Amino acid sequence: MRCSAAALSVLAAATSVVAQPPSPGKDGRYTISSSEITAQFIPYGATLTNLFVKDKNGEDVDVVLGYDDSNYYPKDPGHPVYNSIPGRYVNRIGKGKYTIDNTTYTTELNDGTNTLHSGANNWSYRVWNVTDSTEDSITFAIRDASNSSLGMLGLVKGQVTYSVEGSTWRIKMEATSPEARTHNGEALMLTHHTYFNLDAFKNPDTVKIWNHTLHMPYSKRYLIADDGALPTGQIGTAAPNSINDFASSAGLFLGHAQSDPKFSGNCGGGGACEGYNGYFLIDDAPADAVVVSLASSFSGITADLRTDQHGVVLYSCNWMDGTADLKKTQGTKENRKVVRSSCVAIEAQDYVDGINQ
Ligand SMILES: *[C@@H]1O[C@H](CO)[C@@H](O)[C@H](O)[C@H]1NC(C)=O
Ligand SMILES: *[C@@H]1O[C@H](CO)[C@@H](O)[C@H](O)[C@H]1NC(C)=O
Ligand SMILES: *[C@@H]1O[C@H](CO)[C@@H](O)[C@H](O)[C@H]1NC(C)=O
Ligand SMILES: *[C@@H]1O[C@H](CO)[C@@H](O)[C@H](O)[C@H]1NC(C)=O
Ligand SMILES: *[C@@H]1O[C@H](CO)[C@@H](O)[C@H](O)[C@H]1NC(C)=O
């Protein structure tokens with residue numbers, strides 16, 4: 001079975017939609033569905049809480065991370081940006097500074113010496129408005145006042161529409177800035193921060209993500225990053241079967257380079273971050289090509305990504321420390337927690353820290 005996701009970001013000229021806000025279910029979730037997919041959302045962060053797709057036996061499997069209690073999302077001290085829309089500028093801004101037209105803006109340092117996901121008041125911590133919904137689609141909107149995230153000036157109006165059709169899940173993000181220079185994408189960059197485990201943590205052999213396969217046929221190149229996961233401005237090219245190679249052949253395990261001594265520090269953290277937390281470029285992909293294909297033979301589920309963005313961030317959940325609970329739709333009697341390296345976030349977006357490079 002195939003489940004597809006496409007992210008479209010920062011399209012101009014959104015028209016406003018006026019509709020009576022629809023009502024959620026008792027647990028605060030809005031449900032949309034197609035013949036193959038059932039997806040549930042909450043307004044907090046415009047978050048996807050559950051994504052049910054069919055496994056090889058035709059059973060529904062909830063393939064994304066989340067919590068059973070909708071009210072826990074705002075309380076979670078770890079706040080891993082579960083399947084929400086961080087913004088208005090995702091991922092890192094190096095040293096908390098960027099310059100537009102000779103004016104330098106200072107942003108909040110909340111990730112070592114860098115800004116991550118815009119700092120305080122970022123979009124993944126906000127309760128969005130539901131402006132439209134049907135059986136198979138839902139639209140959330142956010143009005144982000146100037147400087148509500150430090151150093152991000154000008155009003156921005158954002159909206160996301162999620163829809164499902166057959167085995168396809170679409171994500172359409174739009175944002176406009178009526179006041180500031182941000183409308184050309186200068187301090188405006190969005191993504192959907194989706195965390196997957198295509199086995200729903202039910203594989204008795206392993207809950208780790210390393211035995212999912214990953215193919216990114218157009219992504220030989222990646223951004224070289226420093227120890228704080230900040231790109232240096234250099235671009236690397238992965239040799240076949242080297243640690244950052246997911247391009248040369250289909251069927252490479254996410255953990256194919258586990259025995260490489262560099263694997264344990266491949267995503268920084270002073271050598272403490274194993275696996276991946278970096279950006280892969282998408283080069284010369286034909287329009288509508290599958291650019292990322294994540295699959296698990298245990299469940300028989302494949303997630304194919306199509307996107308109009310320039311690349312993807314891949315984060316293999318190194319910092320999950322085993323304290324967060326799994327949903328009741330996931331795991332086994334023994335596996336009830338999100339342990340280290342047991343999931344992968346796949347985030348289609350523009351170049352990380354592109355604003356400074
Ligand atoms: C920025 O500064 C440079 C050098 O002083 C100048 O040539 C340029 O016109 C300035 N740009 C703007 C948009 O002010
Ligand atoms: C997002 O904003 C919240 C609320 O202000 C803040 O506590 C948190 O540190 C921010 N998170 C990130 C990742 O920037
Ligand atoms: C939701 O809509 C209300 C009424 O228009 C507005 O005051 C509020 O700022 C909106 N919330 C967000 C997150 O945009
Ligand atoms: C943005 O907010 C900070 C305080 O949070 C303030 O010091 C700064 O002057 C504000 N910037 C602008 C341009 O309003
Ligand atoms: C799991 O992945 C490793 C590489 O990380 C590989 O060596 C092993 O054969 C895989 N096991 C199965 C059952 O696919």
Side-chain angles (χ1 to χ4, degrees), residues 55-56 87-89 93 95-110 115-123 125-126 143-156 177-188 196-216 238 240-267 273-277 293-303 314-318 332 335 339-344 355-356:
D55 71 5
K56 60 188 176 189
R88 65 172 77 173
Y89 195 93
I93 293 180
K95 314 303 172 208
K97 280 191 194 328
Y98 66 94
T99 301
I100 297 176
D101 292 346
N102 299 336
T103 302
T104 297
Y105 301 91
T106 302
T107 54
E108 185 185 332
L109 302 183
N110 64 337
T115 302
L116 181 60
H117 299 321
S118 310
N121 209 19
N122 42 72
W123 293 8
Y125 279 75
R126 307 264 287 275
R143 188 183 182 281
D144 189 23
S146 182
N147 206 28
S148 62
S149 296
L150 182 66
M152 306 213 168
L153 303 186
L155 170 69
V156 169
S177 176
E179 289 174 357
R181 297 268 312 166
T182 49
H183 69 279
N184 285 329
E186 288 146 331
L188 181 52
F196 293 99
N197 180 309
L198 298 180
D199 297 337
F201 299 85
K202 288 176 192 287
N203 185 344
D205 295 333
T206 180
V207 292
K208 301 275 184 174
I209 203 69
W210 309 130
N211 280 80
H212 282 47
T213 58
L214 185 72
H215 191 207
M216 303 197 292
N241 298 312
S242 66
I243 197 162
N244 289 316
D245 174 35
F246 292 102
S248 70
S249 60
L252 281 168
F253 284 117
L254 248 165
H256 76 86
Q258 260 181 302
S259 57
D260 185 323
K262 292 196 293 275
F263 189 81
S264 59
N266 191 50
C267 46
C273 183
E274 67 174 8
Y276 303 93
N277 188 15
S293 188
L294 177 74
S296 166
S297 57
F298 174 76
S299 61
I301 295 168
T302 299
L314 201 71
Y315 165 51
S316 57
C317 294
N318 177 79
T332 60
N335 306 329
V339 301
R340 184 183 189 202
S341 307
S342 63
C343 49
V344 61
I355 201 165
N356 284 313

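Each ligand, and each atom within it, is numbered from 1 in the order the structure gives. Since the structure is predicted, the reported quantities are computational estimates derived from the model, not experimental observations. Just so it is clear, the values below take in all heavy atoms, side chains as well, and ignore hydrogens, waters and symmetry mates.
With 3.5 Å as the limit, one finds no donor-acceptor pair spanning the side chains of Asn211 and Thr206. With 3.5 Å as the limit, one finds no donor-acceptor pair spanning the side chains of Glu179 and Ser146. Looking only at atom types and distance, the side chain of Ser316 has no donor-acceptor partner in the side chain of Ser341 under 3.5 Å away. Between the side chains of Asn266 and Asn244, at least one donor N or O sits under 3.5 Å from an acceptor N or O.
Distance check on atom 9 (O) of ligand 4: every protein heavy atom falls at or beyond the 4.0 Å cut-off.
Using a 30° and 60° split on the angle between ring planes, Tyr276 and Phe246 fall in the perpendicular class, above 60°.
Between Leu214 and Leu252 there is no side-chain heavy-atom pair separated by less than 4.5 Å.
With ligand atoms numbered from 1 in the order given, ligand 5 contributes 4 (C), 5 (O) to contacts under 4.0 Å with heavy atoms of Gly255. Of all atoms in ligand 5, numbered sequentially from 1 with element shown, those under 4.0 Å from a heavy atom of Gln258 are 5 (O).
At the shortest separation from atom 6 (C) of ligand 4 among protein heavy atoms lies Asn147 ND2, 4.2 Å. Of all protein heavy atoms, the one closest to atom 2 (O) of ligand 1 is Asn102 ND2, 2.2 Å. Among protein heavy atoms, the minimum distance from atom 5 (O) of ligand 4 is reached at Leu150 CD1, 3.9 Å.
The closest non-hydrogen atom to atom 1 (C) of ligand 5, taken over Thr206, Asn203, Asn211, comes from Asn211.
Checked by distance only, ligand 5 and Phe253 stay at 3.5 Å or farther apart across all their nitrogen or oxygen atoms.
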